[in-house]
S.K.: 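Below you'll find the structure I mean.
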Amino acid sequence: MPSDHQPPGPGLPPDLPGPPPRHEGTLIVGASQAGLQLAVALRQAGDTSPLLLVGEEPYAPYQRPPLSKEYLAGELAPEALAFRTPAFYAEQGIELLTGERVTSLALSGGRGTAHTATGRTLGFARLALTVGAAPRRLDVPGAGLDGVLTLRDRDDAVRLRERLADARRVVIVGGGFIGLETAAAARARDKDVTVVEAGPRLMGRAVAPAVSAAYRAAHERRGARVLLSTAVTGFAEGTPGRVAGVRLGDGRVLPADLVLVGAGAVARTELAARLGLTCAGGIVVDAAGRTSRPGVWAAGDCTAAPHPQTGEGRVRIESVQNAVAQASAAAASMCGAPPPKAQVPWFWSFQGDLKLQIAGLSAGHDATVVRGDADGERFSVLYYRDGALLAADCVNSPADYMVVRKALGQGLSIPPGVAADVSVPLKRALPAPGTPRTPAAV
Ligand SMILES: Cc1cc2nc3c(=O)[nH]c(=O)nc-3n(C[C@H](O)[C@H](O)[C@H](O)COP(=O)(O)OP(=O)(O)OC[C@H]3O[C@@H](n4cnc5c(N)ncnc54)[C@H](O)[C@@H]3O)c2cc1C
């Protein structure tokens with residue numbers, strides 16, 4: 001760590017009488033995408049105060065997206081998922097404590113204290129919560145049977161990959177990104193795969209109906225069975241303790257020797273709530289990652305934050321891009337620097353050879369334009385509000401995705417009439433920078 005020690009930026013206010021503040025530095029709870037980014041951004045901003053990154057998993061921070069993609073497909077060793085080498089942490093003066101779960105936090109007298117499951121006490125002057133989200137469990141009979149798995153972390157993925165090797169019949173509960181990525185990996189291994197989705201369409205909260213329909217057809221073409229609007233009421237037991245089937249609302253039982261429940265993730269707000277931070281489906285933060293208590297920041301999947309483009313309302317976004325952007329904003333705020341420029345949200349989900357890329361947030365759209373050939377598995381859906389481009393879902397169309405992302409980043413729109421015409425490359429439809437964002441429809 002550089003030697004020119006400087007005190008941390010704005011810290012905890014003395015909210016209770018007590019001894020003078022001890023500046024033990026910054027504690028970041030949750031050592032993953034957001035936590036590591038926050039630590040790195042603090043160092044990049046010149047912060048040289050002590051920095052402790054604590055994570056409950058036994059591994060140094062690693063990438064989660066490949067867990068349901070390349071790792072499940074057998075293309076990666078778990079060690080290859082790590083973001084950084086051990087030397088990086090030492091060079092940056094980032095103390096990394098793995099295998100330590102923070103169980104309680106207290107703020108008083110301008111300082112904070114954390115306790116861990118192994119009995120450690122950690123002092124801090126500033127706190128960041130980057131604790132992520134946990135898979136939503138199904139509260140149905142048999143949910144605890146052996147062979148009913150979820151996928152959130154590296155250990156989950158190792159277990160799932162091992163079980164997949166021997167499984168014959170795989171049922172995926174939940175037709176969201178993780179469920180469908182897993183379905184694609186299982187079909188690639190020639191497993192009998194059924195996806196059971198409670199809602200009327202796949203990825204229903206995240207993509208346009210045309211994309212849901214195309215993905216249903218595409219997964220079926222690749223041999224998966226897709227059941228929509230179908231409730232799971234429980235899991236049947238075979239050999240004692242082991243799953244043998246999935247019970248459906250209509251009384252049917254789907255035989256299964258492996259079940260993946262991909263029913264979404266819930267923000268981990270327990271620590272924050274006990275600390276008295278405002279939580280609403282996530283730890284409530286502002287655009288600078290500040291929570292409701294001075295001296296405490298939060299970033300990533302655990303937060304509910306203003307819409308990144310409009311600054312309005314509150315959204316909870318689970319994506320790498322969001323974790324990185326929020327952590328960078330929080331680090332700037334901790335250093336008393338202005339927030340970085342707002343970023344266009346983006347996301348990807350690679351389901352075998354189906355490459356979905358999303359730019360922008362589509363909430364609030366009043367029109368969509370489908371561009372390309374949905375049956376040919378190469379198309380985009382562009383979303384508009386009042387004629388202005390909001391977002392796009394791009395399927396095997398990376399060029400469209402790049403143009404939309406660029407347009408949104410520059411505050412430009414693409415006339416809907418031009419967007420629909422596949423004979424015109426989308427980049428040719430981009431107006432010059434500075435053109436108003438709500439042009440008349442062509
Ligand atoms: C299988 C999978 C595939 C994904 N694919 C994509 C994708 O294709 N594209 C994309 O953009 N995003 C994807 N995501 C989402 C992306 O990985 C997350 O948005 C990102 O990891 C969020 O980072 P985070 O640091 O906020 O939270 P997390 O990555 O969840 O990390 C939080 C960390 O905090 C730790 N923690 C929690 N509580 C405590 C405690 N009390 N004490 C100590 N440590 C604690 C947790 O163990 C965890 O390691 C995927 C996620 C998964 C699970």
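Just so it is clear, the model here is predicted, and its values are computed rather than measured. Indexing begins at 1, ligand by ligand and atom by atom, following the structure's order.
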S.K.: Using a distance-only test with no angle check, is there a side-chain donor-acceptor pair under 3.5 angstrom linking Trp297 and Ser333?
M.R.: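 The answer is yes; a qualifying pair exists.
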
S.K.: Just how far is it from atom NZ of Lys406 to atom OH of Tyr401, taken to the nearest 0.5 Å?
M.R.: 14.5 Å

S.K.: Atoms of ligand 1 less than 4.0 Å from Val102 heavy atoms?
M.R.: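 Listed by number with element, the hits are 40 (C), 41 (N), 42 (N), 43 (C).
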
S.K.: Between Arg154, Arg101, Arg152, Arg64, which is the residue that forms a salt bridge (charged side-chain N to carboxylate O under 4.0 Å, His left out) with Glu57?
M.R.: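 Result: among Arg154, Arg101, Arg152, Arg64, Arg64 is the only option passing the salt bridge (charged side-chain N to carboxylate O under 4.0 Å, His left out) with Glu57.
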
S.K.: Looking only at heavy atoms, is any part of Thr130 under 4.0 Å from ligand 1, and if so is it the side chain, the backbone, or both, or is it neither?
M.R.: backbone

S.K.: Would you kindly check if the NZ (Lys) or CZ (Arg) of Arg161 is within the cone defined by 45 degrees around the ring axis of Tyr71 and under 6.0 Å from the six-membered ring centre?
M.R.: yes

S.K.: Would you say the side-chain atoms of Ser397 and Arg378 include a donor-acceptor pair closer than 3.5 Å?
M.R.: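 No - no donor-acceptor pair under 3.5 Å links their side chains.
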
S.K.: Would you say the ring centers of Phe88 and Phe83 fall short of 6.0 Å from each other?
M.R.: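 No, too far apart.
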
S.K.: Test of understanding: given a 4.0 Å heavy-atom threshold, classify the contact between Trp348 and ligand 1 as side chain, backbone, both, or neither.
M.R.: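 The answer is both.
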
S.K.: Could you check which of Glu56, Glu181, Gln326, Arg64 puts a non-hydrogen atom nearest to atom 51 (C) of ligand 1?
M.R.: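 Going through Glu56, Glu181, Gln326, Arg64 one by one, Arg64 has the nearest heavy atom to atom 51 (C) of ligand 1.
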
S.K.: When you look at CZ of Arg242, are more than 12 heavy atoms from neighbouring residues, nucleotides or ligands closer to it than 6.0 Å?
M.R.: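 Check passes, neighbour count above 12.
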
S.K.: Any idea which protein heavy atom is nearest atom 2 (C) of ligand 1, and the distance to it?
M.R.: Ile178 CD1, 3.6 Å

S.K.: Compute whether any side-chain donor of one residue and acceptor of the other, for Tyr62 and Asp153, lie under 3.5 angstrom apart.
M.R.: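 Result is no, nothing qualifies.
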
S.K.: Below 4.0 Å from ligand 1: does a non-hydrogen atom of Gln37 turn up there or not?
M.R.: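 Checking ligand 1 against Gln37, which is what was asked, there is no heavy-atom contact under 4.0 Å.
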
S.K.: Provide, to 0.1 Å, the distance between atom 23 (O) of ligand 1 and the closest protein heavy atom, together with that atom's residue and name.
M.R.: Gln33 CB, 3.4 Å

S.K.: Just which atoms of ligand 1 are under 4.0 Å from any heavy atom in Ser32?
M.R.: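 Within the 4.0 Å cut-off of Ser32, ligand 1 contributes 25 (O), 28 (P), 29 (O), 31 (O), 32 (C), 33 (C).
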
S.K.: Run the numbers for me: atoms of ligand 1, each under 4.0 Å from some heavy atom of Gly132, listed by number.
M.R.: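 Atoms satisfying the 4.0 Å criterion: 27 (O), 28 (P), 30 (O), 32 (C).
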
S.K.: Nearest 0.5 angstrom please: Phe177 CZ to Glu318 CD, how far?
M.R.: 10.0 Å

S.K.: Do any nitrogen or oxygen atoms of Ser68 come within less than 3.5 Å of a nitrogen or oxygen of ligand 1?
M.R.: no

S.K.: How far is atom 53 (C) of ligand 1 from the closest protein heavy atom, and which atom is that?
M.R.: Arg152 O, 3.5 Å

S.K.: Using a strict cut-off of 4.0 Å, indicate which atoms of ligand 1 neighbour a heavy atom of Gly55.
M.R.: 43 (C), 44 (N)

S.K.: Under a 4.0 Å heavy-atom limit, does Val29 contact ligand 1 with its side chain, its backbone, both, or neither?
M.R.: side chain

S.K.: On a heavy-atom basis, I'd like to know which of Pro65, Pro345, Ala267, Cys302 is closest to atom 13 (C) of ligand 1.
M.R.: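 The option holding the nearest heavy atom is Pro65.
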
S.K.: List the closest protein heavy-atom neighbour of atom 39 (C) of ligand 1: residue, atom name, distance to the nearest 0.1 Å.
M.R.: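 Going atom by atom, the protein heavy atom closest to atom 39 (C) of ligand 1 ends up being Val131 CG1, 3.8 Å.
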
S.K.: Kindly confirm or rule out an N or O of Ala323 lying under 3.5 angstrom from an N or O of ligand 1.
M.R.: no

S.K.: Name the closest protein heavy atom to atom 11 (O) of ligand 1, giving the residue it belongs to and the distance to 0.1 Å.
M.R.: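 Answer, as residue, atom name and distance: Val320 N, 3.0 Å.
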
S.K.: Side chains of Glu181 and Ser349: any donor to acceptor distance under 3.5 Å?
M.R.: yes

S.K.: Considering only heavy atoms of Gly300, which atoms of ligand 1 have at least one such atom less than 4.0 Å away?
M.R.: 26 (O)

S.K.: Give me the residue, atom name and distance of the protein heavy atom closest to atom 10 (C) of ligand 1.
M.R.: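 It is Phe347 CE1, 3.3 Å.
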
S.K.: To the nearest 0.1 Å, how far is atom 22 (C) of ligand 1 from its closest protein heavy atom, and which atom is that?
M.R.: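 The closest one turns out to be Asp301 OD1, 3.2 Å.
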
S.K.: Nearest heavy atom to atom 24 (P) of ligand 1: which of Ser349, Ser104, Ala31, Ala34 does it belong to?
M.R.: Ala34

S.K.: Any side-chain donor paired with an acceptor under 3.5 Å for Thr121 and His115?
M.R.: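 Thr121 vs His115: donor-acceptor pair found between side chains.
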
S.K.: Taking distance alone, with N or O pairs closer than 3.5 Å, would you say Glu57 contacts ligand 1?
M.R.: yes

S.K.: Kindly indicate whether the side chain of Arg225, heavy atoms from C-beta on, has any atom under 4.5 Å from the side chain of His219.
M.R.: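 In short, these two side chains do not touch, never coming nearer than 4.5 Å.
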
S.K.: Side chain, backbone, both or neither: which applies to Ala265 and ligand 1 if a contact is any heavy-atom pair less than 4.0 Å apart?
M.R.: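 Under 4.0 Å from ligand 1, Ala265 contributes no heavy atoms.
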
S.K.: Heavy-atom contacts with Ser319 under 4.0 Å: which atoms of ligand 1 show up? List them by number with element.
M.R.: 11 (O), 12 (N), 19 (O)

S.K.: Counting neighbours of CZ on Arg274 that are heavy atoms of other residues, nucleotides or ligands and sit closer than 6.0 Å, is the number greater than 12?
M.R.: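 Yes, CZ of Arg274 has more than 12 neighbouring heavy atoms, counting only those of other groups under 6.0 Å.
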
S.K.: For Arg101, counting its heavy atoms only, list the atoms of ligand 1 lying under 4.0 Å from any of them.
M.R.: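 Once the distances to Arg101 are compared, the set is 40 (C), 41 (N), 42 (N), 43 (C).
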
S.K.: Could you find the nearest protein heavy atom to atom 35 (C) of ligand 1 and give me its residue, atom name and distance?
M.R.: Gly30 CA, 3.8 Å

S.K.: Atom CZ of residue position Arg205 - does it have more than 12 heavy atoms of other residues, nucleotides or ligands inside 6.0 Å?
M.R.: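 Incorrect, the count does not exceed 12.
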
S.K.: Cut-off 3.5 Å, side chains only: do Glu197 and Thr230 have a donor facing an acceptor?
M.R.: no

S.K.: Would you mind telling me if ligand 1 is within reach of the side chain of Leu271, the backbone, both or neither, using heavy atoms under 4.0 Å?
M.R.: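 The answer is the side chain of Leu271.
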
S.K.: Are the side chains of Leu145 and Phe235 in touch, meaning some heavy atoms are under 4.5 Å apart?
M.R.: yes

S.K.: Would you check whether Lys69 reaches within less than 4.0 Å of ligand 1, judged by its heavy atoms?
M.R.: yes

S.K.: Does NZ or CZ of Lys355 come closer than 6.0 Å to the centre of the six-membered ring of Phe350, within 45° of the ring's axis?
M.R.: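 Verdict for Phe350: a cation-pi partner in Lys355.
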
S.K.: Heavy-atom contacts with Ala133 under 4.0 Å: which atoms of ligand 1 show up? List them by number with element.
M.R.: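 So the answer, numbered in order with elements, is 30 (O).
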
